[in-house]
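Since this is a predicted model, take the numbers as computed values, not measurements. Lettering of chains follows the sequences in order, A, B, ..., and the numbering in each one begins at 1.
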There are 2 protein chains.
Amino acid sequence: MARTPTTTDAFNAVAEASRRDLLDAIGAEELTVGELVDRLGLSQPQVSKHLAVLRAVGLVLVRADGRHRWYRVNGPALKPIHDWVRSFERTWNTRLDRLDDLLAELKSQEEAP
Amino acid sequence: MARTPTTTDAFNAVAEASRRDLLDAIGAEELTVGELVDRLGLSQPQVSKHLAVLRAVGLVLVRADGRHRWYRVNGPALKPIHDWVRSFERTWNTRLDRLDDLLAELKSQEEAP
DNA sequence: TCATCATATTCCTATATGGGAATGTGTCAA
DNA sequence: TTGACACATTCCCATATAGGAATATGATGA
């Protein structure tokens, strides 16, 4: 047998660094394929193909607008990864670290509402 | 080109479900290859090979003991994944959810010190 | 209607994989 | 010393990539 297809789940889709880069680039915005091509310096087919994989696992959502496609990140699709990794968090993070993390996050949300 | 090798980083190593199962099975314990074979119902070579990948990216540590090998999870190797996913956490988690999560965790640590 | 723009898809190829089967390696016990 | 035991590694093969190049699809404006 071969490797698990990239479109199987978020874990496999996100294994490829280019795809993580795409998600990072989009972030909280809504971007066009062309914009992504410019920002990441990848070829257009490359971007389209990676986006297709991300779409297949629900990691991005698209909105058609004339001949443009606006892509945005669908955060909740990452939750399975987050939840799984989280079960090992205690290994490296003490409770005080976690408290620091939370406070830092609350603060950042305070600053950027 | 082909896909990114599984031994490239934690993201790729963990993409395979069997490897996540292995980490879950080991958990906070220290287990033998034979134990893992029994618990997961995989073949011995299969377990050894998956463990080799996990070893390559530092996700597990081994201790030799006679003809046994005791494997344990090396949590911090998962931090890169945790950190990356965390940057998207705001999308699905409100601050109150996070507070609930933290309290739940503090409670569980209280109960199992 | 037609050329152009924005994306998506198809073709082609080198490559790494996961599983099964078989075998290698080191250790212990009799 | 030798056979059994616990793991690791090697071989073999079907399969799914990722990337580059080329082409298809669909919408827009003149």
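DNA chain C lies under 4.0 Å from at least one heavy atom of each of the following residues of residues 53-71 of chain B: B/Gly66, B/Arg67.
Taking atom CZ on A/Arg3 and atom C1' on C/dA14, their separation rounds to 15 Å, with Å as the unit. Atom CG in B/Leu31 sits roughly 15 Å away from atom C1' in D/dC7 (whole-Å rounding). In this structure, the CE atom of B/Met1 is 16 Å from the C1' atom of D/dA16, given to the nearest Å. Atom C1' of nucleotide C/dG20 and atom CG of B/Leu42 are separated by 13 Å, given to the nearest angstrom. For the pair A/His50 NE2 and C/dT9 P, the interatomic distance rounds to 15 Å; values are reported in whole Å. Atom C1' of nucleotide C/dT17 and atom CG of A/Asn12 are separated by 12 Å, given to the nearest angstrom. One can place CG of B/Leu36 at 9 Å from P of D/dC7, the figure rounded to the nearest angstrom. At whole-Å resolution of the value, CD in B/Gln44 and C1' in C/dT25 are 12 Å apart.
Taking 4.0 angstrom as the limit, A/Thr6 places a side-chain polar atom (N or O) nearer than this to OP1 or OP2 of D/dT17. In this model, the phosphate group of D/dC7 is approached by a side-chain N or O of B/Thr32 to a distance below 4.0 Å at OP1 or OP2.
When distances run from any side-chain atom of B/Pro45 to the nucleotides C/dA21, C/dG18, C/dT9, the shortest one goes to C/dA21.
Among the atoms of the strands shown, only primed sugar atoms or phosphate atoms (P, OP1, OP2) are found under 4.0 Å from some heavy atom of B/Gln46.
Under the 6.0 Å distance and 45° angle rule, B/Arg20 counts as a cation-pi partner of A/Phe11.
With hydrogens and angles ignored, a donor-acceptor pair closer than 3.5 Å exists between the side chain of B/Lys49 and the base of C/dG19. Not a single donor-acceptor pair, N or O on each side, falls under 3.5 Å between the base of D/dA18 and the side chain of A/Glu16.
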Subject >> Audit row: B/Arg39, B/Glu29, salt bridge (charged side-chain N to carboxylate O under 4.0 Å, His left out) steps and yes/no >> reply: CA-CA 13 Å; B/Arg39 297 196 187 185; B/Glu29 303 181 75; 3.1 Å; yes

